[in-house]
Every structure is written in structure tokens, then in C-alpha cells.
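A short worksheet on the structure shown next.
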Amino acid sequence: MKGKLLRLPDGTYQKTKEGKKAVQEAILFLEAVKPNPNKMKLCKALCKSAQDHATDTGDHGIFGHVGSNGCEIEERVKKYIKRIDFVGENVNYNYFFQATD
């Protein structure tokens, strides 16, 4: 950390609002949390919906949350899941990273 700048593993910096103290507090909290593999599971229906959107937007050269036919995430997901209480998405383009141990 340099002031409110967090140095990432690739050498770039991310500006934070909170600064060093909040980052250290978050790290300590996350290190103390025991992983619970039952909390999140891969959902094949959501994967299919995401693949549909990636194919659609890629084929049409568009970016964002709205498909070429104007549909948004809820409509895409309802193709595979009948009842949805809440759903969100993170669309990311051309961001590659190298996994490290």
C-alpha cells in the first residue's frame, strides 16, 4: 500500500477509498474465515445463460448487459430457471490473469 493505492500482484495499482487500515482489516477477516464449500455451487443453468449472452454479444460485436434482441439477464436466465428471486451478473471483457499459488 502507498497511501490509498493498493499494489496488485501484476505491479499495477488500484485506488481505494478506505486506505491501508481497511485493507488490512479485510485481509485479517478473510484469513480467519473458514471456507464453506456448501455456500456456493456451480449452477449449470446460469453457465448456459452466460454462454448464450457471450455468444450473442460476441457474434454481434456488442458489449454490456443487454443482448442484441434487447433482453436483459432476468429474461436470459428464465430460459433455464423458472423461478428467480434475485440474479446479477458481472460482464468482463479481455481481462486475463495468471493464477498463482
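Just so it is clear, the structure is predicted and the values come from calculations on it, not from any experiment. Every heavy atom of this structure was used, including side-chain atoms; hydrogens, water molecules and symmetry mates were not.
One hydrophobic cluster, built from ILVMFWY side chains closer than 4.5 Å, cannot hold both I27 and V33; they sit in different ones. Hydrophobic cluster membership is shared by F63 and V91, with clusters built from Ile, Leu, Val, Met, Phe, Trp and Tyr side chains linked at under 4.5 angstrom. Hydrophobic clustering places I73 together with I84 (ILVMFWY residues linked when any side-chain heavy atoms are closer than 4.5 Å, directly or through intermediates). In this structure, L8 is a member of the same hydrophobic cluster as M1, with clusters built from ILVMFWY side-chain heavy atoms closer than 4.5 Å. One hydrophobic cluster, built from ILVMFWY side chains closer than 4.5 Å, holds both V87 and I81.
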Taking distance alone, no hydrogens or angles, what donor-acceptor pairs closer than 3.5 Å link side-chain atoms of residues 53-61 to residues at least two apart or in another chain?
unit_1, atom_1, unit_2, atom_2, d
H53, ND1, R76, NH1, 3.3
H53, NE2, G64, O, 2.8
T55, OG1, Q51, O, 3.0
T55, OG1, Q51, NE2, 3.0
D56, OD1, H60, ND1, 3.1
D56, OD1, S68, OG, 2.5
D56, OD2, S68, N, 2.8
D56, OD2, S68, OG, 3.4
T57, OG1, H53, O, 2.9
T57, OG1, A54, O, 3.3
H60, ND1, D56, O, 2.9

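One finds the CD atom of E72 at 9.0 Å from the NE2 atom of H65 (value rounded to the nearest 0.5 Å). Atoms NZ and NZ, from K48 and K44 in turn, are 8.0 Å apart once rounded to the nearest 0.5 Å. Separating the NZ atom in K15 from the NZ atom in K17 is a distance of 10.0 Å, to the nearest 0.5 Å.
A donor-acceptor pair is defined here as one N or O able to donate and one able to accept, closer than 3.5 Å; no such pair exists between the side chain of K4 and the backbone of T16.
With a 6.0 Å radius and a threshold of 12 heavy atoms from other residues, nucleotides or ligands, E89 has its CD atom above the threshold.
Residues A45 and Y80 share a closest heavy-atom pair of CB-CB, 3.6 Å.
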